[in-house]
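To keep things clear, I will list the structure first and then write my remarks on it.
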2 protein chains.
Amino acid sequence: MDEEWLSKDELAAWVRLAAVLEMLPGVLDAQLRRDAELTHFEYYVLAMLSEAPSRTLRMTALARETNATLPRLSHVVRRLEDRGLVERFPSPEDARATNARLTAAGWRKVRATAPGHVANVRKHVIDALTPEQVAQLGAITDAILQRVDPEGSMKATYERHDADPQGR
Amino acid sequence: MDEEWLSKDELAAWVRLAAVLEMLPGVLDAQLRRDAELTHFEYYVLAMLSEAPSRTLRMTALARETNATLPRLSHVVRRLEDRGLVERFPSPEDARATNARLTAAGWRKVRATAPGHVANVRKHVIDALTPEQVAQLGAITDAILQRVDPEGSMKATYERHDADPQGR
DNA sequence: CAGACAAGGTTGTCGCCTCAACCTCTTGTC
DNA sequence: GACAAGAGGTTGAGGCGACAACCTTGTCTG
């Protein structure tokens, strides 16, 4: 049984990808939880804010950049606000909108946490691959994302760019 | 900020992979929940059982094949048992061990669910890639898994095989 | 063959995510 | 310029996973 309408190669790739999907998040979360009391998603939220102008972003924009739904982000930002890492305030331009801004403590947190996290990503992903494989992985994930999220409603991060010329 | 100690290519690949990690599980779960009232993980449990001799597997073995922790599996199997898709019984050989066996209803469920699930995997992953990319993805995920789970304590599924000759 | 330790599982608690409901503000339309 | 529809967010309830505590059975050692 199982995925019997996949060829041998397809099945092998899919089974492994499913395993990565299952295990990698745990590895990422574990290191960040241990070293910084953050989940990977929380870290990503802080990191995206840290790169934004004035370290500030509207909730909707932040949701796009972190590939999250708005409810999920709202909950997470509330917790981060409780911990003093982020602050929220109404947008001056649109009374409906909320802006999230990194606090000084949040900024320090990101700076202190980034090296360990990057090292962890290197250890478990990048350094496991050849440079060619890194490039291949970029193209492959790009292609998958276009299927998963065709309108690019979640993105801004994985910019549409030098796509596969064959357009598959 | 963010992952500034990654090169441009490395960062691009990582950001996209992180996005896939965030979004693909939701896509898989959504289809299965809608069409079969199953999560992807529940489906995988049923699928692994369906391929086993006598459609039976010890909990520990099942945990390995599904890349899950034992507590997680235990909870999931209890729920599946409540729904009549699986049954548990003590192992004859080892009084500590528990066997999980697919029921007739569980078997029907897998058979009925597989085609839609496979189509979904095709749609969002396999068909987005060229055959070469499928092969590359297999090699890449294999390399990552060896870092994430060096002892292969979780596996049996992504068999160690024709690994990259360079051994990176 | 007694006790210590390991293997195999289960259970409870807590935290996070999903989904649906809801509220406020904005925009378009007649 | 009033109302309908939509955009932007928040909140609450329910469900699943992580982690730690615990129980039982095997195994190993003296």
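Note that this is a predicted model, so its numbers are computed, not measured. The figures that follow rest on heavy atoms only: side chains count, while hydrogens, waters and symmetry mates do not. Residue numbers begin at 1 in each chain, while the letters A, B, ... track the order of the sequences.
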d(Arg64(B) CZ, Leu73(B) CG) to nearest 0.5 Å is 13.5 Å
Rounded distance (Å) that lies between atom P of dC23(D) and atom CG of Leu70(B): 18 Å
Could you state the atom-to-atom distance from CG of Leu32(B) to P of dT18(C) in whole Å? 16 Å
Heavy atoms of Arg101(B) and Leu49(B) approach each other most closely as C-CD1, 4.5 Å
Counting heavy atoms from C-beta on, name the nucleotide in dA7(C), dT11(C), dT26(C) closest to the side chain of Ser74(B). dT11(C)
Once you round it to whole Å, what is the distance between C1' of dG14(D) and CZ of Arg33(B)? 11 Å
Shortest side-chain distance from Glu42(B), nucleotide among dG8(C), dC16(D), dT10(C): dC16(D)
Minimum-distance nucleotide to Ala97(B) side chain [options: dG8(C), dC16(C), dA18(D)]: dG8(C)
Classify the side chain of Arg72(B) versus the base of dA18(D) as yes if they form a donor-acceptor pair under 3.5 Å and no if they do not. no
Closest non-hydrogen atoms of Arg83(A) and Lys109(A), given as atom of the first, atom of the second and distance, are NH2-CE, 4.5 Å
Is the NZ or CZ atom of Arg72(A) both under 6.0 Å from the centre of the six-membered ring of Phe41(A) and within 45° of that ring's axis? yes
Nearest-Å distance, CD (Glu37(A)) to P (dG15(C))? 12 Å
Rounded to whole angstroms, how far apart are NE2 on His40(B) and P on dG17(D)? 12 Å
Give the nucleotide from the list dG8(D), dT13(C), dT10(C) with an atom nearest to the side chain of Arg88(B). dT10(C)
Does Arg79(B) make a side-chain N or O approach to OP1 or OP2 of dG17(D) shorter than 4.0 Å? yes
From C-beta outward on Val76(B), which listed nucleotide comes closest to its side chain: dT11(D), dG17(D), dG8(C)? dG17(D)
Axial cation check for Trp107(A) ring with Arg55(A), 6.0 Å and 45° limits: yes
Length of the CZ-C1' vector between Arg96(A) and dC23(C), whole Å: 13 Å
Which nucleotide sits closest to the side chain of Arg58(B): dG15(D), dG8(C), dT18(C)? dG8(C)
Counting side-chain heavy atoms from C-beta on, which of dC19(D), dT11(D), dA18(D) comes nearest to Pro71(B)? dC19(D)
Candidates dT11(D), dA18(D), dT26(C) - which lies nearest the side chain of Asp94(A): dT26(C)
What contact category does Thr98(B) fall into here, base, sugar-phosphate, or nothing, at under 4.0 angstrom with non-hydrogen atoms? sugar-phosphate
At under 4.0 Å between heavy atoms, what does Asp29(A) touch on the DNA or RNA strands: base, sugar-phosphate, or nothing? nothing
